[in-house]
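Everything numeric in this text was worked out from a predicted model, so none of it was measured. Lettering of chains follows the sequences in order, A, B, ..., and the numbering in each one begins at 1.
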Number of protein chains: 2
Amino acid sequence: MKTKDLIRETAIRLFNEKGTAAVSTDHIAEACGISPGNLYYHFDSKEDILRAIFERLFALWDAAFDLPAGHQPQLEDVQALVRKNFEIMWAYRFVYRELPALLCREAELKERYVAVRQRGFDGFGQLFAQFAAAGILARAETPQSVTDLAELCWLISEFWLSSVEVSGQAVNALAMERGVNLMMQIVRPYRAA
Amino acid sequence: MKTKDLIRETAIRLFNEKGTAAVSTDHIAEACGISPGNLYYHFDSKEDILRAIFERLFALWDAAFDLPAGHQPQLEDVQALVRKNFEIMWAYRFVYRELPALLCREAELKERYVAVRQRGFDGFGQLFAQFAAAGILARAETPQSVTDLAELCWLISEFWLSSVEVSGQAVNALAMERGVNLMMQIVRPYRAA
DNA sequence: GTCTATATCGCGATAGAC
DNA sequence: GTCTATCGCGATATAGAC
């Protein structure tokens with residue numbers, strides 16, 4: 001692996017384990033087996049490393065939300081999407097853990113994050129609109145209730161991991177599956193009989 | 001106000017504004033108009049201040065979740081409860097913003113938090129069980145689905161504020177009301193006709 | 001209880017040799 | 001690209017006078 005990539009991946013690992021505040025650039029360099037100076041050859045600052053990590057995350061999102069066009073999506077596609085999202089969340093769990101705090105102090109990063117997230121959220125909403133149009137959510141009476149459903153599902157999918165952590169439960173495959181099922185529970189009453 | 005209380009309340013204000021990481025004990029002391037040394041006379045450490053803040057939060061929770069006994073609760077009581085919870089969340093929003101990260105590095109605090117949260121969550125679940133027993137949630141077919149409903153509502157109520165912040169929207173009374181409505185949307189299909 | 005002064009430490013970041 | 005050495009700063013926390 002190239003040094004620059006090694007630094008980024010090591011930083012992700014350490015941030016996940018101890019949080020961004022507790023991990024210094026020296027720690028990252030040491031864990032990489034390189035000198036602190038070398039780290040600063042590849043990145044301008046700790047914040048710069050963070051930005052690089054976020055860009056990787058954005059790329060993963062784009063890949064996950066790039067649904068195959070041309071076929072009528074089913075509710076099972078939402079399940080798959082959310083499962084995929086949980087995998088990404090797990091790999092970058094420090095981001096979700098610290099997200100409001102991180103964005104709170106890095107205005108530029110926040111702007112970029114909000115824009116990328118909005119793109120994903122819009123696509124997610126359109127998916128639900130397609131369901132409604134295809135009669136899959138026949139019992140949702142108004143367009144507003146379909147939008148609300150999408151927003152609720154998104155919220156669960158975005159914060160389920162944090163919720164599990166905060167409740168003191170173990171974060172494992174079982175917990176992730178419970179999240180998916182719980183989310184589908186919201187949709188169930190609206191499905192066509 | 002007593003100096004100790006002043007320190008705690010000022011810390012809450014500054015933490016809410018800039019996050020715990022960006023606020024030093026010196027900043028807190030300066031904002032209080034006292035010396036750094038004086039602050040350390042009242043608290044052993046920054047973490048000690050944090051613990052005191054958490055204990056206040058726990059007390060507020062206990063007060064909010066102490067429902068009047070002896071009358072059959074209605075779904076409107078859940079609305080009121082969640083609104084009250086949003087008020088508390090807003091007053092201590094830094095806690096919610098940084099929660100997973102804070103608990104991640106303070107094991108002792110995490111244990112205490114998990115226990116207190118569990119108490120509130122159990123009471124919330126019992127509330128829903130009472131609804132089911134009273135026929136208010138007549139369309140929920142299994143006890144499991146009632147439990148799931150409670151868990152979903154709890155999750156919304158715990159992370160709505162973070163969700164609004166992360167989406168880039170303004171956190172105001174309107175956003176809070178939207179959260180309550182969205183949460184009630186989950187319950188609606190299960191209500192007796 | 002409150003102050004001033006200060007010890008100690010670790011972090012982010014840079015300089016300059018190789 | 002990588003190293004060693006180091007600067008400057010701000011943070012937590014303490015000592016001792018008042």
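- With Phe121(A) as the aromatic partner, Arg117(A) meets the cation-pi criteria of under 6.0 angstrom to the ring centre and within 45 degrees of the ring axis.
- The environment of CD in Glu177(A) is crowded: more than 12 heavy-atom neighbours from other residues, nucleotides or ligands sit within 6.0 Å.
- Asp122(A) and Gln126(A) share no donor-acceptor pair across their side chains, judged by distance under 3.5 Å alone.
- A salt bridge links Arg191(A) to Glu76(A): one of the charged nitrogens lies within less than 4.0 Å of a carboxylate oxygen.
- A salt bridge is absent between Glu108(A) and Arg112(A): the closest approach of a Lys/Arg side-chain nitrogen to an acidic carboxylate oxygen does not fall below 4.0 angstrom.
- Straight-line distance from the OH atom of Tyr41(B) to the P atom of dA15(D): 16 Å, rounded to whole Å.
- Backbone-only engagement by Ser24(A) is indicated by non-hydrogen atom pairs under 4.0 Å involving sugar-phosphate atoms exclusively.
- Between the OH atom of Tyr40(B) and the C1' atom of dA11(D) there is a distance of 8 Å, rounded to whole Å.
- Each of His27(A) and Gly37(A) was assigned the nucleotide of DNA chain C with the nearest heavy atom; the assignment lying further toward the 5' end belongs to His27(A).
- On the nucleic acid side, DNA chain C contacts chain A at distances under 4.0 Å to non-hydrogen atoms, with the end points of that region at dC11(C) to dT14(C).
- If you check residues 44-56 of chain A against DNA chain C, the residues with a heavy atom closer than 4.0 Å are Ser45(A), Lys46(A), listed by number.
- Atoms CD1 and CZ, on Ile88(B) and Arg56(B) in that order, are 12.0 Å from each other to the nearest 0.5 Å.
- Classification of the Phe128(B)-Phe124(B) ring pair by plane angle, with boundaries at 30° and 60°, yields tilted.
- To the nearest 0.5 angstrom, Gln79(B) atom CD is 12.0 Å from Gln74(B) atom CD.
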